[in-house]
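Because only heavy atoms are used, hydrogens play no part in the values below, and waters and symmetry mates are left out as well, while side chains stay in.
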There are 2 protein chains.
Amino acid sequence: MSGIAEVARRAGVSKSTASRALGGTGYVSDDTRLRVEAAAAEIGYVPSTNAVSLATGKTQNIGVVMPYLNRWFFAEVLEGIQEILLERGLDLTLYDAKPASPGRARIFGDFLARSRFDGLIAVGLEPDHHELEQLVRIGRPVVSVVGSGDATSIVEIDDDYAARRATDHLIALGHRRIAFLGGQTDRHWAQVDRRRFGGYEAAMQDAGLADSVRHIESDVTLPGGYAAAVDALSDTRNRCTAVVASCDEVAIGAIIAARRLGVQVPGQLSVIGIDDHEYAEMFSLTTLRQSPREQGRVAVDMLLAQIADPDEPRTAVRMKAKLIVRSSTAAIDPRVSATVIDGGLDIPSAAGA
Amino acid sequence: MSGIAEVARRAGVSKSTASRALGGTGYVSDDTRLRVEAAAAEIGYVPSTNAVSLATGKTQNIGVVMPYLNRWFFAEVLEGIQEILLERGLDLTLYDAKPASPGRARIFGDFLARSRFDGLIAVGLEPDHHELEQLVRIGRPVVSVVGSGDATSIVEIDDDYAARRATDHLIALGHRRIAFLGGQTDRHWAQVDRRRFGGYEAAMQDAGLADSVRHIESDVTLPGGYAAAVDALSDTRNRCTAVVASCDEVAIGAIIAARRLGVQVPGQLSVIGIDDHEYAEMFSLTTLRQSPREQGRVAVDMLLAQIADPDEPRTAVRMKAKLIVRSSTAAIDPRVSATVIDGGLDIPSAAGA
DNA sequence: TTGAAAGCGGTACCAT
DNA sequence: ATGGTACCGCTTTCAA
């Protein structure tokens, strides 16, 4: 219709010259270039991506696979990815691969195989052996955002560090009975949550609190955290004084539960999360901040680098979450009025007063 | 590499025959078909989508444009769309067109123009004149999920009805001082919220409560609803007894605010939303249920029908939200113990007892 | 600096 | 029922 041939005809040149003029490759006299550009503008020429892809082998499109679209972390990563891709003029094809769904099998079997993209970003996918194999087999660069991270490049936060830091914060505030809230041991326990639980456990051990380690299971969602917390907090006798939540959604659920039950936060219960969710501020949630959006952006950069140079070695970017102290956590001993800042504990002179 | 030519060679037939055998079009002897299929399986043949698209003019891909990815409604719609597309073997290219962002202009200008899809679904896009024009110009079928709905096919709920129903519910419970919470008059006021406000206003008028009409402005988000409600509820003297929120996120924000301020819900304040958000249950929120997921699915069906037959007339599907009564709403007069069911008000015999 | 022609990997029409 | 061939729209040698 309004192909490059038409542009060439109008500019009075050959297809090849038009292609060069438009693509910026090869020699074209300034004069010709101008004429071609004018002609292109005139008819509103837009190259057919399919034809370009077919001819060049590049799709100008990248694929994104993730198991959830509606959770904060994933939506944020997706927006980060989209943002950069938009700048670069690249398309984004989305695959929603819910764990254990029939659709997931099709995605790995058919959709990824036809590989309509130059590279793939897998977000929190946690693929099993078979899936990972299929992922690798497509022969395109893959970057994972959160993952097991051996077979592909990866960007994520240091979960162990984040959970340790969170736990240490509570310990420094004098808490001993600290529970970890989130994840299910029996059913599918996401690796992220397991790693975070591991960090919590390690911190407890290091503080000589191995005996106090306690895992309160819950869905890793806001209502999940709420339900589990309602349960756990109802047991007044055996209640913990602080909770490390596997993520902010769970933490917020716990705070809402505490409020409902009349348990003061942070007076009677300290709650700390990991994320710095968009709701964190409104709940005054102390948390370890990560930026999924940033992770998405970084993932794109890494992917594009690998696409540009397939020999580029695989990389792993592991960011450190930063402690953001708000007021969902407080010292357990009311006599100690402690102000905690990132990196340590500050006991103002009030302690002596 | 492992193209159809290779398959043909191995099966000892011509490219055309191989194409027919694989594509299911035209005559092929069962015998040959089997041989071709075997050959294809042997080398793991996957047709190049680009080549197919170029040859057929069909991309097997549909585009989705939406302004937010991280809000409940949008994420749900997206999942609904994805679900059906997956079944049909179609790809989904996502465009995140935030209002008034530089990216948005590029999407409309460049991305949509190159039109790498057979059809487009625009979710809550509310395009301006210029954008709408660009949308139409691409010459592909477009279906809107929520929209102004004149230029394209559309699927949405009847916002006017939903808001009226919500307001009527409160009126039936004896409330008079009912405020509408959500949306900003001065800044960009989304058409959805405006329509809902209109429904509220109409219901108030019909009940002779025109003088009580009150719009509490807020961001249409959970923290937005929270902030606005904290403000509004602090004015103890001039407080309303019930709130119609423009959506569940706002409603939930209001409930959280009320709890924080010690205002009993529903004792001192009734709150009703529109959505039936995934958090609605945990907040016992009375609301008008809509299913964005379903809307996404329907949109795909409509779009595919239009792609199959471009002469298909434009359609508008307008669903009715259904009242789900939980316990965030109650009769204002404690003497009237009313049970409200969808479609009317039921006053159990308790009234006479 | 420009043009002709050969693909890229399929589909589909027209003979056979 | 099968094969030959033109063509989808663009890029890219290779010659001129």
Under 6.0 Å from the CG atom of A/D30, do we count more than 12 heavy atoms belonging to anything else shown?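 Not buried by this count: 12 neighbours or fewer within 6.0 Å.
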
Taking the minimum atom-to-atom distance to the side chain of [X], which one of [options] wins?
X: B/V52; options: C/dG10, D/dT11, C/dC13; result: C/dG10
X: B/Y27; options: D/dT12, D/dT2, C/dG7; result: D/dT2
X: B/S29; options: D/dA1, C/dT11, D/dT13; result: D/dA1
X: A/V28; options: C/dT2, D/dG3, C/dG10; result: C/dT2
X: B/R20; options: C/dT11, D/dG9, D/dT2; result: D/dT2

I'd like to know if B/K15 reaches the base of C/dG10 with its side chain such that a donor and an acceptor end up less than 3.5 angstrom apart.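 Yes.
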
Quick one: does B/S16 reach the base of D/dG4 with a side-chain donor-acceptor pair under 3.5 Å?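 For B/S16, whose side chain was compared with the base of D/dG4, there is a donor-acceptor pair (under 3.5 Å).
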
Between the side chains of A/H129 and A/E133, does any donor sit under 3.5 Å from an acceptor? no

On the nucleotide [N], are OP1 or OP2 found under 4.0 Å from the side-chain N or O atoms that [X] carries?
X: B/Y45; N: C/dG10; value: yes
X: B/S48; N: C/dG9; value: no
X: A/T17; N: C/dG3; value: yes
X: A/S53; N: D/dC10; value: no
X: A/S14; N: C/dG3; value: yes

Is there a side-chain contact between B/R106 and B/F111 in this structure, where contact means two heavy atoms from C-beta onward sitting under 4.5 Å apart? yes

Given side chains that start at C-beta, do those of A/I62 and A/R140 come closer than 4.5 Å, heavy atoms only? no

Any salt bridge between A/R114 and A/D110, counting N to O under 4.0 Å?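 Result for this pair is no, no salt bridge flagged.
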
Provide, to the nearest angstrom, the distance between the [atom1] atom belonging to [X] and the [atom2] atom belonging to [N].
X: B/R9; N: D/dG3; atom1: CZ; atom2: P; answer: 15 Å
X: B/E6; N: C/dG9; atom1: CD; atom2: P; answer: 12 Å
X: B/D31; N: D/dT2; atom1: CG; atom2: P; answer: 8 Å

What contact category does B/V36 fall into here, base, sugar-phosphate, or nothing, at under 4.0 angstrom with non-hydrogen atoms?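 No contact at all - B/V36 keeps every heavy atom at 4.0 Å or more from the nucleic acid.
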
Mapping B/A51 and B/D30 onto DNA chain D by nearest heavy atom, which one lands closer to the 5' end?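 First, find each residue's nearest nucleotide; the 5'-ward one identifies B/D30.
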
